[in-house]
Amino acid sequence: MAREPYNYMDYRQFLQDLLVEYKQTTRYFSFRYFARVAGFSSPSYLKMVIDGARNLTPTSIQQVAKAFKLGKRETAYFEALVLFNQAREDKEKELYLERLSALKPRAQLHGIKKDQYEYFTNKLFVTLREMVALPDFQEDPSWIAAKLRMNIKAKEVEHALEVLQRLGLVRRNEAGRLVQADASLTTPPEVASLELMQYHRSMLDDAKEALHTMAPELRDVTALTIPIPKNAVAEIKRRVQTFREEILDYINKGSADYFEVYQLNVQVFPLTRTKS
C-alpha cells in the first residue's frame, strides 16, 4: 500500500518518498514512465519538482495525484499541502493550514488518549496547568477566563480543568484546593507535525502581539543573526535544549511565590539557502 500524505508538511518530501516506494514495488516504474502516465511532455518533470526547480500548478497537482493513484481525500490534502508550501503570504498559509487540519483524518480517540490530544493541541490546557500554581489562583471559570490573555469562555475553562484532573496533571490537596501534580506527559502518536506546527505558529503570533501590548520590563525579545557551520547545528540545538532544562530547574528549585504564567520561545532557523 502506497504511503499517505497526511503525515507530511513538505509535499516535495512526500513525492520523494512516494517515488522511492514505487521504484521498490513496481519494476518498470521510472521518471519516463511516470511522465507518460501523468501526461507530462518532459520525463524529468517530477525530478525537477522534487528538487525544487519547478512548482506544481493546479492542473499538474491533479495529474501527479492521478498518476500516483491518490484517493479523493488524499488528493484534496495533497493539493492543500502544495498550496501551503508554495504560498508566499501569511494569510494564504493560514488558509491552507486550516484546510489541511480539516482534511486530515482523525484517529478514533477515546478516554485518556482524547484528553492527551486536547492537552497537546490547545494552549489553554498548558497555560491553565501552570496558572494553578499562582498564589492568587481562583477555581472560578469566569475569573480564570478574565485573567487569561486569550479569547476564552468560562465553559471552555471548566472543560479544561476536568481534562487536567483526568490526566492527573492537577489534583486536589487536603484542603480541597487544586494544585499541580507531579505527573508528566509525552506527545502521543496522534499529535503529529501538523498539530504541533499550528501550536508553535500560535505561540509566535502571541510573541508578535507581546511586542505591541506589553511593557519592555515584562518581556524580552531579542534576535541573533550569525553564520553557522553545518556541523555545528546539532550542537546548537543540544545547547538550546540544555538552556530550556536549566530554566526549568531554576524555576523548580526556586521560590514558589509565582508572579504570572510566562511563555518562553526559543527559535533557531536558517535565513539563507546557499548550500544543500
Salt bridge (charged side-chain N to carboxylate O under 4.0 Å, His left out) between Arg149 and Asp206, intermediate numbers included: CA-CA 9 Å; Arg149 294 178 183 267; Asp206 288 347; over 6 Å; no
Steps toward salt bridge (charged side-chain N to carboxylate O under 4.0 Å, His left out) verdict (Glu158, Lys153): CA-CA 9 Å; Glu158 189 175 344; Lys153 296 179 180 178; over 6 Å; no
Stepwise salt bridge (charged side-chain N to carboxylate O under 4.0 Å, His left out) test for Lys93 and Glu89: CA-CA 6 Å; Lys93 287 188 175 293; Glu89 301 294 332; over 6 Å; no
Derivation and outcome, salt bridge (charged side-chain N to carboxylate O under 4.0 Å, His left out), residues Arg201 and Glu94: CA-CA 9 Å; Arg201 285 177 70 91; Glu94 289 294 342; 2.9 Å; yes
Working for side-chain contact (heavy atoms from CB on, under 4.5 Å), residues Met48 and Ser42: CA-CA 10 Å; Met48 288 190 292; Ser42 171; 4.3 Å; yes
Step-by-step side-chain contact (heavy atoms from CB on, under 4.5 Å) determination, Ile144 to Phe137: CA-CA 8 Å; Ile144 295 170; Phe137 176 78; 3.6 Å; yes
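Here the closest non-hydrogen pair linking Leu128 and Val157 is CD2-O, 4.0 Å. Counting all heavy atoms, side chain and backbone alike, Asn55 lies closest to Gln86 at CB-OE1, 3.2 Å.
Residues in residues 24-65 take part in these ring pair (Phe, Tyr, Trp, His ring centres under 6.0 Å) pairs, two or more places apart or across chains: Tyr22-Phe29, Tyr28-Tyr33, Phe29-Tyr33, Phe34-Phe68, Phe40-Tyr45.
Note that Lys104 lies outside the cation-pi zone of Tyr77, set by a 6.0 Å cut-off to the ring centre and a 45° limit from the axis.
Between Arg88 and Glu92, none of the side-chain N atoms (NZ, or NE/NH1/NH2) sits under 4.0 Å from a carboxylate O, so this pair counts as no salt bridge. Using a cutoff of 4.0 Å between basic side-chain nitrogens and carboxylate oxygens, Glu139 and Arg172 are scored as salt-bridged.
Checked by atom type, the side-chain pair Asp136/Gln138 shows no donor-acceptor distance below 3.5 Å. Between the side chains of Asp17 and Tyr8, at least one donor N or O sits under 3.5 Å from an acceptor N or O. Side-chain contact, Thr57 with Thr59: no donor N or O sits under 3.5 Å from an acceptor N or O. Residues Glu130 and Gln180 bring a donor and an acceptor atom of their side chains to less than 3.5 Å of each other.
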Side-chain donor-acceptor contacts of residues 240-247 below 3.5 Å, not counting sequence neighbours, with atom names and distances?
{"unit_1": "Gln241", "atom_1": "NE2", "unit_2": "Glu245", "atom_2": "OE2", "d": "3.3"}
{"unit_1": "Thr242", "atom_1": "OG1", "unit_2": "Arg238", "atom_2": "O", "d": "3.0"}

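Within a 6.0 Å sphere centred on CG of Asn151, heavy atoms belonging to other residues, nucleotides or ligands number 12 at most.
A donor-acceptor contact shorter than 3.5 Å links the side chain of Arg73 to the backbone of Leu103.
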